[in-house]
Each structure stands twice: as C-alpha cells, then as structure tokens.
Amino acid sequence: MSKILIRAMILPMTGADTFFPQGEICIEDDLIVSVGEKGSSPEGFVPDRILELPNDVVMPGLINTHTHAAMTLLRGYADDLPLMPWLNEKVWPFEDKLTDEDIYWGTLLALCEMIRSGTTTMLDMYASMDKVAEAVLQAGTRAVLSRGLIGNGPNGENALQENIELVRQYHGTGNGRLSIMFGPHAPYTCSAEYLKKVKAEADRLNVGIHIHVAETQDEVNILKEQYGKTPVQWLDELGLFGGHVVAAHCVHLTQQDIEILHRQNVCVAHNAESNMKLSSGTAPITELRSQGVVVGLGTDGASSNNNLDLFGEMRSASFQQKLKVNPTALPAYEVLEMATVGGAQTLGFENVGVLAPGFKADLITIDMDQAHFYPRFSIPAHLVYSAHAGDVRTVMVDGKLLMEERKLLTLDLSKICQEAEMRAKRIELELNVK
Ligand SMILES: N[C@@H](CCSC[C@H]1O[C@@H](n2cnc3c(=O)[nH]cnc32)[C@H](O)[C@@H]1O)C(=O)O
Ligand SMILES: [Zn+2]
C-alpha cells in the first residue's frame, strides 16, 4: 500500500471553471482518492509521502494518440520531403534494417522523451511490438500498442498473426496499463480483402483498430481513382468502422466524410505538426469537434515532427486552427481537453484523462515558477501557449512516480541515448554500403 499526498495548484480537467489554487490530491496505490482545496483530504488519510509543490500545477498526464515511438531512431535522417517520397525513398529502406533490439532501444528513447515532456500514455503503431511492450512495461507508462500491418505483400499474413499474438499476450497486462489494437497501416497500403480480414479479427478478439486515413490529397486521389470513393467512404463501405476505431490524420475530408466519422463513432488522432512538416494540409478540427467527433492529439513519429513534445503540439494545433479559421478557434482549455480527456476517450481508457476520485493516478506537475509563466492571468493559456517540455517536473503513472525533480526514475537516460546513437549510425552505414 502506498499513500501519497501532493500539495499544489490543481487543474483537474473536469470543467473549465474548476481550479484549486492551493489544492490537495490524495493517491492510494494506483488510484486518486480525493482532489480539492486545502483541507479536503479524507479523514484518516495518513500519507507515506508528501510532495510540497506550491508553485507547480498538477494536471492529468498528456495522451499521445498517434505515434511510431521507435522512429526516434530516424530523427533528423529524412527531412523536408512530402509523404510518399519520404516513406518510399528514406523511411522504409531505413526501417528495413531495424532489428527487434533497435526497436526496443528506439522505443525506450521515445519513452524518455515522453516522460520528460509530461506524456503518460501513447498509442503506438510499429513492428516488433513485443519489444515495444517490454519497453513500456519497464518505463512504467500506459500505452495502446498496434502492429503496423501493410497488407499488400507476403508479410501481411505474418504481421497479422503477430498482432493476434500481441492481443493474447499483452491486452490488459501491467495492471491494465497496456492494451492492444490492430494497426492496418492505411487504405492505400492494405487491400480490401486484407482490411476485411483485420476487421474480422478485431471483432473476434474485441479490440480496436488504428489506421492512417486521408492524410494527403494524393491519398484521396489514389483512392478515388482506384475505388471511386474518398478514403473514409471506402473504409465505411468495407465495413471497417462500427467498433472502436482511431483514424490518424483525417486531413482531407468532405462534409459527408465527417458525417460518417460521427455516425460510426470513429475517433480522430490529430497530428498538426506532422501534417505541417510533410505539407499534408490542415485538418478540419474545428468542424470535426463542432459536429461531435472525438479528437485527440498526436505527435506522429519523431521523423515527421521532429519531437514528441505534446506541449508544442497543443500550441501548434491551436495556432494552426486560428490561422485557418479565426483567432477564437481552439482556445486553450479546449486544446488541453483534446490532450487529456479527448485522448483518453480516443484510446478507450475510461479511467484516465481527468483528476477525480476513482480515476487512475496518471498525473504530471509543471513548474510554474519561471519567467515565461508570469503574471499568472490564465493557467490554461500558459500551459498551451507558453509551456514547453522542459517545464515538467514530476510524472506519475498508475500511482507510481516515473520522474521527480526532472530526473527519470525508471529509465537510464544516458545509456539509452548512447544505444540509440550507436544503432542509428550503424543503420546509416549499412545503407551507404549497399
Ligand atoms: N513496415 C513495418 C510495419 C509498419 S509500422 C507503421 C509504419 O507507418 C509509417 N509512418 C510513419 N508516419 C507515417 C505517416 O504520417 N503516414 C503514413 N505512414 C507513416 C512508419 O514509417 C512505419 O513504417 C513492418 O515491418 O511490417
Ligand atoms: Zn503515423
């Protein structure tokens, strides 16, 4: 049994008007037992530890709803290209050289960066996912893992079997910190027959589907030529929707597409920075949200971003909508909701995303005693428009401290950086020799 009391400012994300300037939050094992103003701790709650952080804001841990964690190994390797040449000429040849161990270390590097920037949960799509699961269990974070399935070649069937095995082995493990989805890569890399097969397996095992959808205008053009439909209409007609689906990107949508996403309860993972960097376009987030579609935020992989900092992502997501729509679009509190509650809904976690009794103790504290946070007019505005990764002081997941005073407690940062450097450079050499 562990009992922790944190005294700090608290932004519980349970409503725009709820904020405790001198708050107390009590945690017992993996759960929050109380959240409120000073003196609100339940009678008889005797903490083993008290964290006195009067100048910090405590908020729910941030949730990254779309990434390829091990792509940290490609950070800075392939820049300034559009999606298809980026994938075909640079990313995929590099990824062909990755071993299971490379992916393990690349994922650990991503997890270091995520914890340090206040991300407590991710939805990942990649290969060697048993290694990714191992890395997540070691780091102590929460994650939904999907095996990336490219279903137009002989490897499609093997990858599908790996994804099935992943469900069997890891779904619900780590005290519920891990769950599994199927990861068909995209409608342009998976055949109709393959997508139907994936959907049948997802239904049989009662898990969700994570897929890239309508990321670029080129994709829409390809699908229209091939099937006479938009990507969303095509996937709907195939029957891929209906269960729990996370559609990443959704940049190029028609009004009819938005209606389909809403009707089928598809959740959207919005990746503003990746969409800008690859020049894919600006997703219609304001329209999606106003029409009732659940939207979470994602960084995408570190090769199209090039960091995994959700604070930066919140700011970019808001500014991008303001540029496209008007300055009232995506105000700070709404962006914070997308990064927390919206993320939890997107990933299908019912017990994270807000700080409230009975919820999992997944929380972060942000050091507000810094020049860029004064004067303190609006905490939400500061968190979205002024904050950055390095402001995070404390990270807790499932009631366990993963970072204190900006020091990682579960991972060996310098060893992981060294391994990542060595492995990425080895692959660069292998590619040059060829
Ligand atoms: N090729 C892998 C499985 C694919 S994992 C998911 C894939 O998505 C790729 N990816 C990363 N970002 C994007 C994006 O923005 N759009 C489409 N694909 C992406 C990523 O490089 C990776 O190859 C295998 O060994 O079977
Ligand atoms: Zn992606």
Side-chain angles (χ1 to χ4, degrees), residues 64 66-78 87 90-116 119 121-150 153-171 173-174 177-181 183 185 210 299-308 402 408-434:
N64 190 337
H66 178 71
T67 192
H68 312 278
M71 287 185 87
T72 50
L73 295 180
L74 287 85
R75 192 191 332 255
Y77 172 74
L87 283 174
K90 301 288 288 189
V91 171
W92 284 340
F94 190 105
E95 288 180 337
D96 275 347
K97 303 277 180 200
L98 289 172
T99 65
D100 291 352
E101 285 302 305
D102 294 335
I103 289 176
Y104 170 73
W105 288 99
T107 304
L108 284 177
L109 181 61
L111 290 166
C112 289
E113 191 186 348
M114 285 180 180
I115 296 170
R116 287 172 66 81
T119 296
T121 302
M122 67 164 173
L123 169 51
D124 194 40
M125 178 199 286
Y126 220 60
S128 312
M129 295 310 287
D130 48 342
K131 289 288 173 183
V132 176
E134 205 183 299
V136 171
L137 289 172
Q138 191 181 335
T141 58
R142 197 175 296 283
V144 182
L145 306 181
S146 58
R147 170 61 161 104
L149 306 167
I150 296 193
N155 292 333
E157 188 51 40
N158 291 342
L160 182 57
Q161 289 309 318
E162 281 178 37
N163 208 331
I164 292 169
E165 178 56 22
L166 207 63
V167 177
R168 197 190 64 74
Q169 212 181 334
Y170 290 105
H171 194 56
T173 59
R177 281 191 291 115
L178 277 191
S179 71
I180 308 298
M181 291 173 92
H185 174 261
H210 172 207
T299 57
D300 214 346
S303 182
S304 59
N305 189 299
N306 286 0
N307 63 43
L308 307 174
L402 307 186
L408 296 176
L409 302 176
T410 52
L411 298 175
D412 183 344
L413 180 61
S414 62
K415 161 86 176 149
I416 292 166
C417 290
Q418 263 174 21
E419 280 282 345
E421 178 72 16
M422 188 187 75
R423 287 165 185 277
K425 293 292 168 65
R426 184 206 80 229
I427 294 172
E428 188 194 28
L429 266 180
E430 284 177 23
L431 287 165
N432 286 341
V433 168
K434 197 180 90 192

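What you see is a predicted model; the values in this text were computed from it and never measured.
Not a single salt bridge (Lys or Arg N to Asp or Glu O under 4.0 Å) links Asp130 to another residue, sequence neighbours left out. In this view, Thr72 satisfies the side chain to side chain donor-acceptor pair (under 3.5 Å) rule with no residue, not counting sequence neighbours. Arg177 pairs by the salt bridge (Lys or Arg N to Asp or Glu O under 4.0 Å) definition with nothing, not counting sequence neighbours. With sequence neighbours excluded, no residue forms a salt bridge (Lys or Arg N to Asp or Glu O under 4.0 Å) with Glu95. The side-chain contact (heavy atoms from CB on, under 4.5 Å) check on Thr173 picks up Tyr170, Leu178, with sequence neighbours excluded. In this structure Lys90 satisfies the salt bridge (Lys or Arg N to Asp or Glu O under 4.0 Å) test with no other residue, sequence neighbours excluded.
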*Take Lys97 and Leu431 through the side chain to side chain contact (heavy atoms under 4.5 Å, CB included) test and state the conclusion after the steps.*
CA-CA 8 Å; Lys97 303 277 180 200; Leu431 287 165; 3.9 Å; yes
*When you look at Met122 and Thr141, which way does the side chain to side chain contact (heavy atoms under 4.5 Å, CB included) test go after all the steps?*
CA-CA 8 Å; Met122 67 164 173; Thr141 58; 5.9 Å; no
*Passes salt bridge (charged side-chain N to carboxylate O under 4.0 Å, His left out), Arg168 versus Glu165? Steps please.*
CA-CA 5 Å; Arg168 197 190 64 74; Glu165 178 56 22; 2.7 Å; yes
*Worked verdict on Arg426 versus Thr99 for side chain to side chain contact (heavy atoms under 4.5 Å, CB included)*: CA-CA 11 Å; Arg426 184 206 80 229; Thr99 65; 4.1 Å; yes
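The side-chain heavy atoms of His66 and Asp300, taken from C-beta on, include a pair separated by under 4.5 Å. Residues Thr299 and Asn307 form no side-chain contact, since every pair of their non-hydrogen atoms from C-beta on lies 4.5 Å or further apart. The shortest distance between side-chain heavy atoms of His210 and Leu123 falls below 4.5 Å. Side-chain contact between Asp124 and Met129 is present, with at least one heavy-atom pair separated by less than 4.5 Å. Within the 4.5 Å cutoff, side-chain heavy atoms of Arg116 are placed close to those of Leu413. With contacts defined as side-chain heavy-atom distances shorter than 4.5 Å, the pair Asn155/Ile150 does not qualify. Side-chain contact between Leu308 and Thr119 is absent, with no heavy atoms from C-beta onward closer than 4.5 Å. When side chains are defined from C-beta on, Ser414 counts as touching Asp412, because their heavy atoms get closer than 4.5 Å.
The two residues His171 and Ile180 come nearest to each other via the heavy atoms ND1-N, 3.0 Å. Of all the heavy atoms in Thr107 and Ala69, the pair that sits closest is CG2-CB, 4.1 Å. The two atoms that bring Leu108 and Leu411 nearest to each other are CD2-CD2, 3.7 Å, heavy atoms only. Annotation for Ala127 and Val132: closest pair O-CG2, 4.1 Å, computed over non-hydrogen atoms. In terms of heavy atoms, Leu73 sits closest to Asp102 at CD1-O, 3.3 Å. Pairing each heavy atom of Ile103 with each of Ser128, the nearest pair is CD1-OG, 3.3 Å.
Using cut-offs of 30° and 60° on the angle between ring planes, the pair Phe94 and Tyr77 is tilted.
Remark: the backbone N or O of Met125 is paired with a side-chain donor or acceptor of His68 at under 3.5 angstrom.
Tested against Tyr104 for a side-chain hydrogen bond (donor to acceptor under 3.5 Å, both in side chains), the candidates Arg423, Gln138, Glu419 yield a single pass: Gln138.
To the nearest 0.5 Å, atoms CD (Gln418) and CH2 (Trp105) are separated by 9.5 Å.
Residues Gln161 and Glu157 have side chains that bring a donor and an acceptor to within less than 3.5 angstrom of each other.
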